[in-house]
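No hydrogens, no waters, no symmetry mates; every other heavy atom, side chains included, goes into these values.
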Amino acid sequence: MRRLISLVEELSFSTVRGRLIAYLLRLAGEVGRHSAHGIRFELTENNEELADRLGTVRELVSRNLGRLHGAGLIEMNRRTINIPDLVALKQEISGD
């Protein structure tokens, strides 16, 4: 039941950016490993699968991941995501 509520919350964000951030935060909480540089986890889905999950198209997922990376909110190395500042990423979603 808790997973269903989390999924509904993720989908309730009006923008792709908001839904993507909510999903990344959920993954960080579920499978993320703390390190000296933040919270690190592997994305098991490709951008097309992420787009399907978030109700959008691959291009928007790619663009938003790139923007989050460019803003320093996430670090990406292939399919590995590192969130250096969880609080900053959470603040980004509250403004959505």
N/O donor-acceptor pair under 3.5 Å between Glu30 side chain and Leu27 backbone: no
Under the side-chain contact (heavy atoms from CB on, under 4.5 Å) test, residues paired with Ala88 that sit two or more places apart: Leu73, Asp85
Output all residues satisfying side-chain contact (heavy atoms from CB on, under 4.5 Å) with Ile39, sequence neighbours left out; order by chain, then residue number. Ala28, His34, Leu86
Pairs flagged by side-chain hydrogen bond (donor to acceptor under 3.5 Å, both in side chains) wherever residues 64-73 is involved - sequence neighbours left out: none
For Glu45, enumerate each residue passing the salt bridge (Lys or Arg N to Asp or Glu O under 4.0 Å) test, keeping only those at least two apart in sequence or located in another chain.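 Result, salt bridge (Lys or Arg N to Asp or Glu O under 4.0 Å) vs Glu45: Arg53.
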Within residues 69-84 or reaching into it, pairs that qualify as salt bridge (Lys or Arg N to Asp or Glu O under 4.0 Å) - sequence neighbours excluded: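 Applying salt bridge (Lys or Arg N to Asp or Glu O under 4.0 Å) to every pair that reaches into residues 69-84, excluding sequence neighbours, yields nothing.
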Of all the heavy-atom pairs spanning [X] and [Y], show the shortest one and how long it is.
X: Phe41; Y: Val31; value: CB-CG2, 4.0 Å
X: Glu42; Y: Thr80; value: OE2-OG1, 2.6 Å
X: Pro84; Y: Gly72; value: CG-O, 3.6 Å

Run the side-chain donor-acceptor check on residues 55-63: report pairs under 3.5 Å with partners two or more places apart or on a different chain.
unit_1 : atom_1 : unit_2 : atom_2 : d
Ser62  : OG     : Asn47  : ND2    : 2.9
Ser62  : OG     : Arg58  : O      : 3.2

Candidate pair Ile81 and Arg40, rule side chain to side chain contact (heavy atoms under 4.5 Å, CB included), full reasoning: CA-CA 6 Å; Ile81 301 287; Arg40 185 177 304 264; over 6 Å; no
Using a 4.5 Å cut-off on heavy atoms from C-beta on, say whether the side chain of Leu68 contacts that of Arg17. yes
Return the CG to CG distance between Asn82 and Asn77, rounded to the nearest 0.5 Å.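 Output value for this atom pair is 10.0 Å.
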Rounded distance (nearest 0.5 Å) linking atom OH of Tyr23 with atom CD1 of Ile93: 13.5 Å
